[in-house]
Each structure stands twice: as C-alpha cells, then as structure tokens.
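Shown next, in structure tokens, is the structure this report addresses.
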Amino acid sequence: MKALLARDLALALRAGGGFGLGLAFFLIVTVLVPLSVGPQSELLARIAPGLLWLGALLACLLSLDRLLALDWEDGTLDLLATSPLPLEAALSVKALAHWITTGLPLVLAAPVLGVLLNLPAPGFFWLVISLLLGTPALSVIGSFGAALTVGVKRGGLLMSLLVLPLYVPTLIFGAEVARRGAVGMETQTPLLMLAGITLGVIAIMPFASAAALRVNLR
Amino acid sequence: MSLAVTDLCVARGGVPVLTGISFDLAAGQVLILRGPNGSGKTTLLRTLAGLQPPLSGQIEGAEDQIAYAAHSDGLKSMLSVDENLTFWAQVFGRKDIDAAIEAFRLGELRRRLAGTLSAGQKRRLGLARLLVTGRPIWMLDEPTVSLDVDAVAMFARAVRAHLAQGGAALIATHIDLGLDDAQVLDVGPFRASPEDLAGASDEAFL
C-alpha cells in the first residue's frame, strides 16, 4: 500500500501528472469573482465562505477524471486486481493520494485566496478547519464516481452528474461551518455533521468503489 | 501447487463463448492455448485470473497463485524501468528485482523512463514483471507480441527456468515458443453453441 501511495504521488508530481490542475482552477475562480462581482467589499465578505467552498469542490471535481482512467488505460487496474492488495485498500490509497495532491493544496491555498474575497478575520480559521474536514470526503466520493465510470470513454460528464449530488451534503455543511465562523456564530452542529459525513464516507465508500470497479473490469 | 479446471463455461458481454473446458495444470507443466481470433482465449484467461466470474464450472487452486499478463503491460511512462519493477515487486510483497532485470536483459535501460522505450523493450519490461511477482502460475495473453527473435528466445528461457523451479504456465499464443514438452489446448471445439445462451448473463445490473 505504501508502494502504491508513493507511486501515485510520484506520478502526480512528474510531467503530465496533473498536480496543480485543481489548484490553478481554484486560483482562477477566486481571482475572477471579485472582478466580475465588482468592488463591493460587504457583498464579497458575505459570499466569500460559500464561494471558496464551491471553488474547492469544483476544483476537486475537475481532477477526478484522472483518478482511475490512466491506470485503466495502461492495464494497471487489471494487474492490481490480480495482486494480493485488496481493491478496497488500493482505492482508499488512491483516494488518499488524490487528497494529498488536490485537496491538501486547496486547504492550504484557501486562506490566502480568502483575502482576495475580503473574508472576515474570524472566518479564516473556520474555513481551513471546514476544508480540512470536508475535502477528504470529496476525494473518497470522487473515487467512487471514478470507479463507476472507469470503462466509459470520455466519461467525465457522466461522472460529474453522478458525483455532484453526493457532494451536496458535504458542500452544505462545509460552507455552513465557514459562513457561521465568519460571522461569529456557533459552528458546532454543522462541524459535527461535516465530520460525521466524512468519517462515514471514508468507512463505507471504498467497499462500494471496489464493487463498482470489479464489475467494470469484467 | 496445481490448477484444476472442471467443465468451465465463460462468457464475454453476456454471451457464452467457451463451454465445457476441463484441464489440469501441475507444477512444471506448460499449456499452450490456441484458437483463432475472437475464439475466447483472452476471456478464458481473464476468468481464470479472477477478473470475471465463470458462468458455470469450477476453478480450483487459482486463488492468489496467478501472475497475469495481458495485452497491456501496466507500465507508467513517467516512471523509470527500475521504478516500475520495484513498484510491482512491492505490491507483491517482494524486494528483489535484479533477477528479473537480468533475465530480460534490461540492465542498460534501468534508469530510462518507460515511456521512452521501444514497443519490444516495453514488452520485455512487462514480462520481467512476472518474475518479480513470485507467483507460481503464469497466465500470459499473447506474450510475444512485438518481440524480436532473440527476445522470444529470452522469454522461452525465462518460462523454462520458471517451470524448472516448480512453476506452471498457461500461454495463449500463435507462434512456436520452442517449449518441447508443452501441451496444447485448442479452444476451437469448445466454442459455445446458441442453446448455451439460455439464461446466461454475467451482466451485474440485469
């Protein structure tokens, strides 16, 4: 499993690996929004938590296409399926590698980009916490979507349609934590819901992903 | 270590392609699968490797024993020859890749990225992967595609060495590998007939 994680990280960082794709998209969205909305700092401050969360979610979605498709094309998935590594573990590790290369950079970049959107000062802490808790769920749910559509040529659109509804709870509670934090309200309830969703998804999703992948490998 | 297949029926896309296949494969034996294109050799190998369920029949002794090599080699073009092999060795819980490098004469290419290799060199690297798995039963689907005469001989030597160590091999191929004691299974006579279609489906969602 360590070997798979190390390989996925090395591949992501080398040429054509797609590292930075999500980050660049996130950057573009958050830089362009103030330009399109106009210089109304109160309005920006109000929509900043939701916008940052939406940007992070779409950035994550953008990079899901590559999660399994590359391994499918060169036959690695077939060989992994016949290896001693259980598919559930392999998919969990791949989701973890995806989070490290996509989710984690988004979490780290979010406070910097929050400045551009005039995010109120108390919001920074809660934005980072909510993203840190929520983005692993995005990667794990994404690996399920990727496993479902892995054999489909140009399956990106289908995968987005399948995955987006599953992302909604994470988005609602994640953005709610950031919004409440920004205006100084109590954040405990949405924070617990967000953590619960993430933990539940990490526990259950790999089994669903592996089952879907086994069907697709036939 | 032995593989026993009894009255196996395999399907592709919900249509049975081969039926009534039975054979035994013991340590030190090699079985060559022959048959025209589309006769179901690949489907049979994928079923035996556990990638798809059989429609009926038993496969005994295949669990965690099989090193499968398909048309594509599962190589990452942005990793070097060494890194590719080391990765597969680690997945199979092993470390040593030198024997595999030696057997397929990849020594000079060790630091090259797999993406810069020629088709034949990639194939050699893909076959070297079999050696690092340490699995006793090799299942090879057209292993000699894009190999030159020397490399085919190299491959035949590797197969013989594997058999001498108590391994076994099941090879779908059209060329003569020069393996003297190879048994041949022609899949032609086992082609599934239309009446086998009744109730046969491997589709998960139907």
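We name chains A, B, ... by the order of the sequence lines, and we start the count at 1 in each one.
- No side-chain heavy atom of Met139(B) sits less than 4.5 Å from a side-chain heavy atom of Thr82(A).
- Arg218(A) places no side-chain N or O within donor-acceptor distance of the main-chain N or O of Gln52(B), the cut-off being under 3.5 Å.
- Contact check for Arg14(A) versus Leu79(B): side-chain heavy atoms found under the 4.5 Å cut-off.
- Only the backbone of Leu75(B) comes within contact range of chain A, judged by heavy atoms closer than 4.5 Å.
- Within the 4.5 Å cutoff, side-chain heavy atoms of Val91(B) are placed close to those of Ser83(A).
- To the nearest 0.5 Å, the span separating OH on Tyr68(B) from CG on Leu79(A) amounts to 8.0 Å.
- Annotation: maximal heavy-atom pairing with chain B below 4.5 Å, among Gly75(A), Pro84(A), Ala81(A), occurs at Pro84(A).
- Asp73(B) touches chain A through its backbone: at least one of N, CA, C or O sits under 4.5 Å from a heavy atom, while the side chain does not.
- To the nearest 0.5 Å, the span separating CH2 on Trp88(B) from CG on Leu80(A) amounts to 4.0 Å.
- Side chains of Phe87(B) and Leu4(A) form a contact here, defined as non-hydrogen atoms less than 4.5 Å apart.
- A distance of 3.5 Å separates CG in Asp71(A) from NZ in Lys76(B), rounded to the nearest 0.5 Å.
- Residue Ile66(B) touches chain A through its backbone alone, counting heavy-atom pairs closer than 4.5 Å.
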